[in-house]
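First comes the structure, then the notes that go with it.
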Amino acid sequence: MQFDKIDAYCPRNKMIFGVNHMHRYRTHNCGELSEKNENVRVKISGWVHRKRDHGSLLFVDLRDHYGLTQCVIDTSDSAFSIVESLRNESVVTITGLVKKRSDETVNNNLKTGQIEVLIEEIIVQSEAEMLPLQVNSDDDAGEETRLRYRYLDLRRTRPHNNIVLRSKIIQSIRNRMIEQGFSEFQTPILTASSPEGARDFLVPARLHPGKFYALPQAPQQFKQLIMMAGFEKYFQIAPCFRDEDSRADRSPGEFYQLDLEMSFVEQEDVFATVEPVIAGVFEEFSGKKIDLNFEHISYADSMLKYGNDKPDLRIPIEIADVTDIFRGSDFSIFAKNIEKGAVVRAIPGPKCGSRAIADRMNSWAQSEGAAGLGYIIYSNEEAKGPVAKALGQKKSNEIKSKLSLEDGDAAFFSCAFEKEASSLAGRARVRIGTEQELIDETVFKFCWIVDFPMFEKDELTGKIEFSHNPFSMPQGGMEALNTKDPLEIKAWQYDLVCNGVELSSGAIRNHLPEVMYRAFEIAGYGPEVVDEKFPAMINAFKFGAPPHGGIAPGIDRIVMLIAQEPNIREIILFPMNGKAEDIMMSAPSLVDEKQLNELHIRKTSSSQKIS
RNA sequence: GGGGGUGUAGCUCAGUUGGUUAGAGCGCUGGCCUGUCACGCCAGAGGCCGCGGGUUCGAGUCCCGUCACUCCCGCCA
């Protein structure tokens, strides 16, 4: 045991029998020492981040969660050989005197760069073997190595900071929700499989042979039932489980939502609740400008102007429908397709008025699976290119003024059935925005996509289906369901979009049993289906259900945007790989026959082949 | 399930029209160095060129298959 009276005022030390007792591992962390601590004997613990060995003088950068402190030892010291032989990432405890550095040796890049610790004693707590990845390097190792040794990867500055950022963002969201009077509740993880939505993860029920729990895809029904229970304002940082394939912005298996639900509200009330929370955290953590104007865009407008339901409003390009201009024109490919029901969407291409750019866009469109991308180039008060030639100057100039184009610009055309034409136009819009560097990277622009259709027609079967959430309230209620063309009915259903990323989806819910039965009837399900598949909800609606609605912003996507990481795995502590495996923990894994027997599970021949 | 990209030293990557003994940086081992902070210098070890087959006098390089990782489509109320 060390006894030391020099830093008796250090709060980490204890007074025992009137003698100051130095803490076993640290009196200070590696990020807090400064000139103020000059000549104080301190103890710090951490990882050997890097060594600079000058033969008879050796520097060690000691790292912990809080920072980096340079420690020095010279050859005259007995501990020198221990320090010299230490491998990077070994964990040590160093005791020594804090010394102010001379002016020439101050390192202003380091928080503790004004001082260094003269090593008097070093205790090796844990030795490191040769490392599979370099912790002190900014260069990423391969993804597989990083995930297999995630605990090493997470020591690195950027991954470490991302996870801390995530924690702070979640904390801030919690505070903001609680300040608005919301209560945080936990909902079951083992629940019932629900027919709507994605594929479920199933958990065999030991006590019920042949039956399964499912992990919740979202606490959707529970949060509505919480409203039935009269709690009024609920939220949860909720784990959600969906057995779907991964993407760069979609972690396989599990993710987190800020799940929230409110009673006695309309759409605008939900918006007014969510906007300050989202804008607030983006403002607090991102350092970018936040456009506080949460524009409302109808689903139909969004599909037309932006070609998708998650527009990136930073791109100053709006798509226009020009079907009428091409109808019956001499540009026969389009004219013929229009006769068959196709539409033509025009995408303005600012500063794209060159043959090279037009050709590049065309071959890009072909690589996207389209027949091509028509174009008109406007230069010297003339419309050029094969489309302009067939269409004539008059109609070409009509397009020019409709799109507000100038000489030096181009118009691109996507001609197909509506869904495909608008989709390609939307992708072309993003492509032009990216290639021409029209995206303002310093701002977050939010919008609400509203008025989603309640139903849609399955293109293959012609069947009417719920286009989004079957629990949403149709606009116009029962009357609309009974009198309107189902495909014309809108739902009180909304998405929150930021910079082209779908952050969130929500709705005012249908709380009326008769409207619920009618909506399902339109989608081809009898009342017995509703009773069987959603027994809790439909029953609860029959005992006094408050009108209610909510939303569920994706936590991972919010953190991704704020951290400016293009891959969702960068902001998750222990993510799975693209095939939904945790290669660090070896999940999924084979289990004992005994476990399977208890669960009444027998493997099929195909799964036995694998084992 | 389908399409694209990648696979070479512990890690990150280079490797020409197919042609001697496959290279670099970091890391590792040893040596030198008293003010560095991505310290510097010298030397060394380390390779089933993802795997299997084919073409060829000769394959890291070309062809076929296969596996792994990754991005995208499908899927994601």
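Here is how names work: the chains are called A, B, and so on, in the same order as the sequence lines, proteins then strands, and each is numbered from 1.
- Under the 3.5 Å distance criterion, with hydrogens and angles disregarded, a donor-acceptor pair is assigned to the side chains of Asn162(A) and Glu565(A).
- Residue Asn109(A) is out of contact with every strand shown, counting any heavy-atom pair closer than 4.0 Å.
- You'll find that the side chain of Met130(A) is closest to rG10(B), out of rU34(B), rG10(B), rC71(B).
- A donor and an acceptor atom, one from each side chain of Asp312(A) and Tyr306(A), are nowhere located under 3.5 Å apart.
- Residue contacts shown for Glu116(A) include a base, since a base heavy atom lies under 4.0 Å away.
- At a threshold of 4.0 angstrom between heavy atoms, the contacts of Asp139(A) with the nucleic acid are absent.
- If you check every strand for non-hydrogen atoms under 4.0 Å, Arg50(A) touches sugar and phosphate atoms only.
- Summarising the geometry, the separation between CG on Asp200(A) and P on rC76(B) is reported as 12 Å, rounded to the nearest angstrom.
- Heavy atoms of Gln70(A) sit under 4.0 angstrom from at least one base atom.
- For Arg250(A) against rC76(B), a side-chain N or O and a base N or O form a donor-acceptor pair under 3.5 Å.
- For Arg87(A), taking side-chain heavy atoms from C-beta onward, the closest of the listed nucleotides rC28(B), rC71(B), rA68(B) is rC28(B).
- Ring to ring, Phe534(A) and Tyr525(A) are not that close: their centroids are 6.0 angstrom or more apart.
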